[in-house]
Amino acid sequence: MVTSGFLNGHPDLRFRMLGIEKYKSGEHKKALRHFQNAAFYGDKPSQGMVAEMLWTGTGTERDRARAYAWMDLAAERGYEGFAGMRERYWTDLSEDERAQALEVGQEVYARYGDAAALPRIASKLRRERRSLTGSRTGFSGNVRIIIPTAVGSTEIDGSKFYDERYWDPAKYQAWQDSSWMKPRIATVNVGSAQQLSADKQPSRIPPVAPLLDAPEPDADDEMPRIEGLRDSP
């Protein structure tokens, strides 16, 4: 219940974990939907996974132009691994595909770019924290809480449940960024990732106004099977 409470406030992590779970079990269409749901809340690894699935035609029709747009989005924060994949995609695209990628990319950025996605996850973090705090629930060191990480999950003691890095939007973003310096998504290795300076490898997709009033994903109450993802002691 404690872990479910954490994931309810962190839909980016919840949907990413569900996507990985479904991908590994061969349920690729469901995996793609979960990765897209995580992407709605700004999860860059999930955005990279959507790109890979579109590029290879896994769980969906192959669409290389749209795949490029999604990988460009995954590289939005300047991770070298995602930017490297983006450049490989661009090299392989035809001129017609490149033109399509820049056009469809504006649609992708409007809905899933950080300008639209980060306010969503910030709102979720604040709302769930207020809800949990209002319940006067206390967590001692005897309670173990499972926290999703870049390689699966880990456990922390209950006294750290309200650690600012998990609930303050700015600190949460910094924690996520540090966790994905070297991302590995499901069974697809997107490469070694390092922070780039802002002036390197900029997006080719023209800027677009964020779609701030997009409806949230129509998702059920499914939770990932946490037990199978725990780290070894």
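Because only heavy atoms are used, hydrogens play no part in the values below, and waters and symmetry mates are left out as well, while side chains stay in.
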- Message: In the structure I gave you, are the side-chain heavy atoms of Arg165 and Tyr172 within less than 4.5 Å of one another anywhere?
- Response: no

- Quick one: pull up CE in Met17 and CG in Asp12 and give me the separation to the nearest 0.5 Å. 11.5 Å

- Message: Rounded to the nearest 0.5 Å, what separates atom CD in Gln36 from atom OG1 in Thr60?
- Response: 8.0 Å

- Axial cation check for Tyr89 ring with Arg64, 6.0 Å and 45° limits: no

- Task: Enter the distance from Arg86:CZ to Glu76:CD here, rounded to the nearest 0.5 Å.
- Result: 10.5 Å

- Task: Using a strict cut-off of less than 4.0 Å between a Lys/Arg side-chain nitrogen and an Asp/Glu carboxylate oxygen, indicate whether Asp43 and Arg14 qualify as a salt bridge.
- Result: no

- Message: I'd like to know whether the aromatic ring centres of Trp55 and Tyr68 sit less than 6.0 Å apart in this structure.
- Response: no

- Task: Take Val104 and Glu107 through the test side chain to side chain contact (heavy atoms under 4.5 Å, CB included) and record every step on the way to the result.
- Result: CA-CA 5 Å; Val104 75; Glu107 169 196 328; 4.0 Å; yes

- Task: Drop me the distance from Asp163's CG to Lys171's NZ, to the nearest 0.5 angstrom.
- Result: 8.5 Å

- Query: Would you say the side chain of Asp114 lies within less than 4.5 Å of the side chain of Lys44, judging by non-hydrogen atoms?
  - Reply: yes

- Item | Salt-bridge contact Glu87-Arg204 (side-chain N to carboxylate O under 4.0 Å) | yes

- Query: Which atom pair, heavy atoms only, marks the closest approach of Gly42 to Ala117?
  - Reply: N-CB, 3.4 Å

- Message: With a 4.0 Å cut-off on N to O distance, would you call Glu103 and Arg98 a salt bridge?
- Response: no

- Item | Sidechain-backbone polar pair: Gln176 side chain, Gln173 backbone, donor-acceptor under 3.5 Å | no

- Is the shortest distance from a Lys or Arg side-chain nitrogen in Arg66 or Asp63 to a carboxylate oxygen in the other one below 4.0 Å? yes

- Query: Roughly how far apart are Ser46 OG and Leu13 CG, rounded to 0.5 Å?
  - Reply: 9.0 Å

- Query: How about Glu164: does its CD atom have over 12 heavy atoms from other parts shown lying under 6.0 Å from it?
  - Reply: yes

- Decide whether Asp72 and Tyr109 meet the rule of one side-chain donor and one side-chain acceptor closer than 3.5 Å. yes

- Message: For His10, run the ring pair (Phe, Tyr, Trp, His ring centres under 6.0 Å) check against Phe15, Trp167, Tyr41 and tell me which one passes.
- Response: Trp167

- Item | Main-chain N/O of Arg120 paired to Ser123 side chain as donor or acceptor, under 3.5 Å | no

- Message: One pair to check against side chain to side chain contact (heavy atoms under 4.5 Å, CB included): Tyr23 and Thr58. What are the steps and the verdict?
- Response: CA-CA 10 Å; Tyr23 191 98; Thr58 303; 4.2 Å; yes

- Message: Using modelled atom types and a 3.5 Å cut-off, is there a donor and acceptor pairing between side-chain atoms of Gln47 and backbone atoms of Trp70?
- Response: no

- Query: Short question: side chain of Lys30, backbone of Leu18 - any donor-acceptor pair under 3.5 Å?
  - Reply: no

- Start with the C-alpha gap between Met71 and Glu52, add the side-chain angles, then the distance that decides, and say whether side chain to side chain contact (heavy atoms under 4.5 Å, CB included) holds. CA-CA 8 Å; Met71 191 59 77; Glu52 278 288 281; 4.3 Å; yes

- Message: For His28 and Lys22: C-alpha separation, side-chain torsions, deciding distance, then whether side chain to side chain contact (heavy atoms under 4.5 Å, CB included) applies.
- Response: CA-CA 6 Å; His28 294 142; Lys22 298 303 181 184; over 6 Å; no

- Query: Hey, are Glu216 and Lys124 close enough for a salt bridge, meaning a charged N less than 4.0 Å from a carboxylate O?
  - Reply: yes

